[in-house]
Amino acid sequence: MNVLQNLTELYNTLPYDSTYRSVAKGILDNLGRMEEITIYDIAELTDSSRTTVWRMVQKMGYKSFSDFRFALQSAVSQYGYYNRMLPPAVCTDEEKLRESMIERMEQSARMYEELCSPSLMTQLVDELKAADKVHFYMPFRLGMVGMMQQNLAMSGKETAYHILYPRIMDAVDELSDRSIVIIATIEFAETLDMKNAFLKIKERGARIWLTGTSRTKYRKYADRMLLDVEADSFSWITTLEAMLLSLSELYRAKCIDY
């Protein structure tokens with residue numbers, strides 16, 4: 001998962017008095033200074049200890065501070081590339097921005113119509129009904145996942161939503177051969193190799209529903225490919241949200257509001 005997304009996840013989810021949250025905030029507030037920074041510099045910048053900084057780096061899944069720093073430097077230097085959903089040329093002109101948004105929403109509608117047939121959605125819901133646990137491993141937070149989790153929980157399903165790699169690796173131990181894991185990857189923005197997570201999931205016998213670029217290197221581990229098409233980031237995420245909302249509502253109708 002991407003280092004900036006992981007730092008943001010820590011900052012948003014840890015308690016306000018957490019020292020790790022303070023370190024994450026200090027780094028996010030000073031990204032321009034990260035090019036040659038050391039672990040001692042971060043400790044001084046965030047009024048914490050070297051040990052605290054190192055433990056936070058471990059919580060994010062890095063094996064060394066050098067790996068973390070390299071990932072951070074790469075993310076900052078490429079920020080304008082991977083954290084952009086619309087072309088730069090349209091973002092400074094309100095009318096062009098509006099036209100671009102409409103065009104991409106229309107593309108999302110076409111993708112949804114083509115890739116989310118009624119028969120497929122029914123089949124997916126039936127598989128969810130038969131599962132004992134449904135986990136979501138994503139590189140970001142999606143509102144529709146939270147809604148879907150509530151409906152799964154109301155019908156007695158165990159569910160989990162993880163972004164940080166170490167938490168994903170721990171959560172995999174809870175899976176069984178009746179579990180489903182829904183995974184999204186954005187590999188050009190990833191800095192941690194997910195191979196071991198996929199292997200561990202397969203060892204547990206759980207089914208993997210994978211979505212992301214159609215050229216994903218993790219394709220061989222997938223039991224299902226969802227939204228298996230090349231598309232711009234905005235259209236893909238919008239379609240994914242629509243698909244999850246549809247699954248959530250159809251699941252609720254079949255399993256809760258019957």
Side-chain angles (χ1 to χ4, degrees), residues 1-2 5 82 85 104-145 147-149 151-152 157 159-163 165 168-169 171-172 175-251:
M1 304 301 179
N2 181 266
Q5 293 164 332
Y82 75 76
M85 291 194 180
R104 282 161 173 74
M105 286 189 284
E106 289 174 344
Q107 181 180 353
S108 294
R110 291 191 295 270
M111 288 171 58
Y112 180 87
E113 182 178 16
E114 178 183 350
L115 302 172
C116 303
S117 67
S119 59
L120 172 63
M121 302 304 282
T122 298
Q123 187 173 356
L124 293 179
V125 167
D126 288 343
E127 291 183 23
L128 290 171
K129 286 168 59 179
D132 61 345
K133 302 177 179 69
V134 181
H135 284 196
F136 299 84
Y137 303 155
M138 305 273 180
F140 37 61
R141 289 287 169 187
L142 290 176
M144 295 308 166
V145 173
M147 293 181 62
M148 192 170 172
Q149 281 190 287
N151 286 333
L152 290 166
K157 304 290 183 187
T159 180
Y161 188 176
H162 295 295
I163 293 175
Y165 184 70
I168 289 173
M169 293 299 284
V172 171
L175 300 173
S176 74
D177 59 4
R178 291 180 52 222
S179 302
I180 292 173
V181 183
I182 302 175
I183 304 179
T185 62
I186 305 180
E187 288 165 54
F188 68 86
E190 306 293 349
T191 54
L192 288 176
D193 190 342
M194 292 282 290
K195 178 181 177 181
N196 287 337
F198 280 95
L199 290 174
K200 195 173 179 182
I201 294 168
K202 300 305 287 186
E203 287 175 1
R204 302 293 297 179
R207 290 176 55 79
I208 295 174
W209 294 1
L210 178 62
T211 184
T213 173
S214 63
R215 294 172 292 179
T216 174
K217 63 184 179 183
Y218 303 118
R219 188 185 192 94
K220 62 185 177 182
Y221 302 110
D223 297 288
R224 276 192 179 278
M225 288 294 300
L226 304 179
L227 306 183
D228 190 12
V229 66
E230 285 296 312
D232 64 90
S233 298
F234 179 92
S235 300
W236 175 74
I237 290 177
T238 303
T239 309
L240 177 60
E241 288 267 37
M243 184 181 206
L244 292 174
L245 174 60
S246 299
L247 283 176
S248 180
E249 291 297 322
L250 187 58
Y251 182 88

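Between Met148 and Ser248, the closest heavy-atom pair is CA-OG, 3.4 Å. For the residue pair Arg204 and Leu175, the shortest heavy atom distance occurs at NH2-O, 2.9 Å. When all heavy atoms of Leu210 and Phe198 are compared, the pair lying nearest together is CD1-CZ, 4.0 Å. Residue Val181 comes nearest to Ala206 through the heavy atom pair CG2-CB, 4.3 Å, listed as atom of the first residue, atom of the second, then distance. When every heavy atom of Leu227 is checked against every heavy atom of Leu115, the shortest pair comes out as CA-CD1, 3.8 Å. Ala130 and Arg178 get closest at one heavy-atom pair: O-NH2, 3.1 Å.
Looking only at side-chain heavy atoms (C-beta outward), Gln149 and Val145 come within less than 4.5 Å of each other. Within the 4.5 Å cutoff, no side-chain heavy atoms of Gln107 are placed close to those of Phe234. You'll find the side chain of Tyr161 reaches within 4.5 Å of the side chain of Arg141, heavy atoms only. Taking the side chain as every heavy atom from C-beta outward, Tyr137 and Ile182 never approach each other to under 4.5 Å.
Atom CD in Glu106 sits 12.5 Å away from atom OG1 in Thr238 (nearest 0.5 Å). In this structure, Leu245 CG and Cys116 SG are separated by 11.0 Å, a value rounded to the nearest 0.5 Å.
Using modelled atom types and a 3.5 Å distance limit, the side chains of Ser108 and Trp236 yield no donor-acceptor pair. A side-chain donor-acceptor contact under 3.5 Å links Tyr112 and Ser246.
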Atom pairs and distances, side-chain donor-acceptor, residues 118-125, under 3.5 Å, sequence neighbours left out:
from   : atom 1 : to     : atom 2 : distance (Å)
Ser119 : OG     : Ser117 : OG     : 3.2
Thr122 : OG1    : Pro118 : O      : 2.9

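In this structure, the side-chain contact (heavy atoms from CB on, under 4.5 Å) partners of Met169, at least two apart in sequence or on a different chain, are Tyr165, Asn196, Ala197, Lys200.
Between Arg104 and Asp232 there is a salt bridge, since at least one side-chain N of the basic residue sits less than 4.0 Å from a carboxylate O of the acidic one. Classification of Arg219 and Asp228 as a salt-bridged pair holds, one side-chain N sitting under 4.0 Å from a carboxylate O.
Using the six-membered ring where Trp is involved, Tyr218 and Tyr221 have ring planes that are tilted, between 30° and 60° apart.
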